[in-house]
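What follows is a set of notes on a single structure, which appears directly below.
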Protein chains: 2
Amino acid sequence: MFTLSEENYLKAIFHLEMMSGTGISTNAIASKLETKASSVTDMVKKLAEKQVLVYKKYQGVSLTKSGKTTAARIVRKHRLWEVFLVEKLNFSWDEVHDVAEQLEHIKSPKLTRELDAFLGFPKTDPHGDPIPDHEGRFDSVEKRLLSSLKENEVGVCVGVDDSSSNFLQYLDKNGISLGEKIEVLSIESFDGSLSIKVAGKVLSISSKIATNIYIQS
Amino acid sequence: MFTLSEENYLKAIFHLEMMSGTGISTNAIASKLETKASSVTDMVKKLAEKQVLVYKKYQGVSLTKSGKTTAARIVRKHRLWEVFLVEKLNFSWDEVHDVAEQLEHIKSPKLTRELDAFLGFPKTDPHGDPIPDHEGRFDSVEKRLLSSLKENEVGVCVGVDDSSSNFLQYLDKNGISLGEKIEVLSIESFDGSLSIKVAGKVLSISSKIATNIYIQS
DNA sequence: AAATATTTTTAGTCTTGTCTAAAAAATTAT
DNA sequence: ATAATTTTTTAGACAAGACTAAAAATATTT
């Protein structure tokens with residue numbers, strides 16, 4: 001069994017490994033968790049003893065099989081709760097994160113199992129991210145950044161990179177949501193900003209926005 | 001804002017005050033929380049500084065208005081989650097307690113509000129206990145013990161005193177559930193055991209059982 | 001390859017919440 | 001009313017998790 005703190009470390013390392021492969025540095029973990037590198041060193045030693053990760057001094061850490069499963073199960077719970085909040089309790093996709101962050105630590109296999117069934121075994125959360133199964137497996141949705149489209153290409157919004165409230169509210173305001181068709185009308189070569197058509201309306205978005213939206217063709 | 005531990009102390013004291021009035025002893029709290037009296041003294045000092053209770057050395061403690069509201073809100077969440085687990089996730093009434101014990105600490109006013117609405121604003125939990133409103137008010141269901149009935153009197157099961165898994169499973173096995181009509185056929189003066197009729201079947205129960213079932217006439 | 005800069009670890013401290021053992025107060029019994 | 005008992009509090013210690021400051025290792029420059 002893991003403490004709240006241990007679970008948060010596992011989840012952070014899991015996410016970092018998803019993005020940048022194996023061998024995660026102390027500093028990367030510290031900045032993700034908004035803590036200090038020295039605290040990370042302490043915790044990482046503890047987790048190494050529990051066999052959920054491998055740690056060699058000055059070499060960063062890597063999750064073991066068991067560590068990956070444990071972390072994926074936390075992510076699974078987080079995303080299931082997000083679906084619940086949006087579909088059943090009228091939360092919008094920018095409001096779910098903080099609450100799911102708490103709910104993901106509830107320990108009850110039956111609860112997770114039944115919640116999954118109650119929601120109809122969803123495959124993705126409200127931001128388009130895949131929900132791992134009990135064994136920690138999940139389809140890595142093949143997705144590209146909106147910014148990788150060329151002029152006149154079309155895609156469907158399948159996810160976002162940044163889940164901050166600000167960003168999601170911006171998307172809502174402009175009619176961009178999961179499943180929405182996005183057409184690139186033109187690309188401004190000067191600053192990389194795009195003119196896109198979404199939900200029938202034409203819209204100009206910065207390149208920064210475009211690198212935070214995932215689409216599928 | 002209160003820590004997990006502080007919330008558990010508040011809830012314990014709240015429950016003790018419900019049963020035995022004001023001025024709760026250190027020892028009573030310690031035994032309810034399965035901790036030591038010295039730990040209670042420490043925590044109680046902390047909570048007194050936070051103005052949620054009044055503490056005078058050697059005199060026991062009493063919740064303030066604000067302490068009562070805080071505690072009732074935790075109880076509110078606990079009982080709403082119990083309803084959710086039983087009504088939506090196929091938990092039986094003997095399985096809900098441990099999970100609700102975790103869920104009651106989730107901090108999100110919107111979550112509590114929406115959950116309440118989602119469940120149709122229930123007034124009692126699966127054990128028949130009243131669900132406080134946001135302000136901490138609740139109808140104290142006037143209930144009597146089954147053991148207070150005389151021969152040939154009839155009542156409806158509205159709650160239980162003991163919520164342990166063992167006891168609830170015993171009730172399930174014998175067809176006793178909330179809303180069930182119970183008729184006292186005879187009382188054995190020797191040991192106080194009762195012969196009752198419930199769900200069409202005749203059943204003999206000990207006096208201990210009868211003092212753990214609440215009925216309304 | 002030495003010097004500098006960065007990253008990581010160690011050592012020691014702090015807070016929260018708990019515990020044990022001993023002291024102090026309150027209660028009960030004689 | 002004094003003695004014995006029980007309850008409660010104090011004092012000091014400990015574990016978890018975090019922090020600061022300094023030391024050690026690694027990386028980067030020149």
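Per chain, numbering begins at 1; letters A, B, ... match sequence-line order.
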Using 4.0 Å as the upper bound for N to carboxylate O, is an ion pair formed by [Y] and [X]?
X	Y	result
A/Glu7	A/Arg73	no
B/Glu6	B/Lys50	yes
A/Arg76	A/Asp116	yes

Is the shortest side-chain N/O distance from [X] to OP1 or OP2 of [N] below 4.0 Å?
X	N	value
A/Thr41	C/dT8	no
B/Tyr9	C/dT16	no
A/Ser5	D/dA18	yes
B/Lys45	D/dT10	yes

Scan for salt bridge (charged side-chain N to carboxylate O under 4.0 Å, His left out) pairs involving residues 9-25 of chain B, sequence neighbours excluded, and state none if there are none.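 Passing the test, one end in residues 9-25 of chain B: B/Lys11-B/Glu101, B/Lys11-B/Glu104.
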[X] has an atom [atom1]; how far is it from atom [atom2] of [N], in whole Å?
X	N	atom1	atom2	answer
B/Met43	C/dT15	CE	P	16 Å
A/Lys36	C/dC14	NZ	C1'	14 Å
A/Asp42	D/dA16	CG	P	12 Å
B/Glu6	C/dT15	CD	C1'	13 Å
B/Tyr55	D/dT8	OH	C1'	7 Å
A/Lys56	C/dT9	NZ	P	13 Å

Polar atom pairs (N or O), protein with nucleotides 24-27 of chain C, under 3.5 Å:
unit_1	atom_1	unit_2	atom_2	d
C/dA25	O4'	B/Tyr58	OH	3.4

Below 30° counts as parallel, above 60° as perpendicular, anything between as tilted: where do the rings of A/Phe84 and B/Trp81 land?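 Tilted, since the angle between the ring planes falls between 30° and 60°.
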Check against side-chain contact (heavy atoms from CB on, under 4.5 Å), B/Leu171 and B/Trp93: CA-CA 10 Å; B/Leu171 297 182; B/Trp93 69 349; 3.9 Å; yes
Taking B/Glu82 for the side chain and B/Val96 for the main chain, is one N or O donor matched with an acceptor at less than 3.5 Å?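 Checking the backbone N and O of B/Val96 against the side chain of B/Glu82, no donor-acceptor pair under 3.5 Å is found.
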B/Ser38 near the nucleic acid: base, sugar-phosphate alone, or nothing, with a heavy-atom cut-off under 4.0 Å?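 Touches a base.
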Go through residues 23-33 of chain A and report each residue with a non-hydrogen atom lying under 4.0 Å from DNA chain C, sorted by number.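 The stretch gives A/Ser25, A/Thr26, A/Asn27 as the residues lying under 4.0 Å from the strand, ordered by number.
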I want to confirm an ordering. Mapping A/Thr35 and B/Ala37 to their closest nucleotides on DNA chain D, which one lands closer to the 5' end?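 The residue closer to the strand's 5' end, by nearest nucleotide, is B/Ala37.
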Determine, for B/Phe91 and A/Lys110, whether the Lys NZ or Arg CZ falls below 6.0 Å from the six-membered ring centre while staying within 45 degrees of the axis.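 So A/Lys110 does make the cation-pi contact.
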Any cation-pi pair here, A/Lys107 with A/Phe2, using under 6.0 Å and within 45°?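 Relative to the ring axis of A/Phe2, which defines the angle, A/Lys107 lies outside at least one limit.
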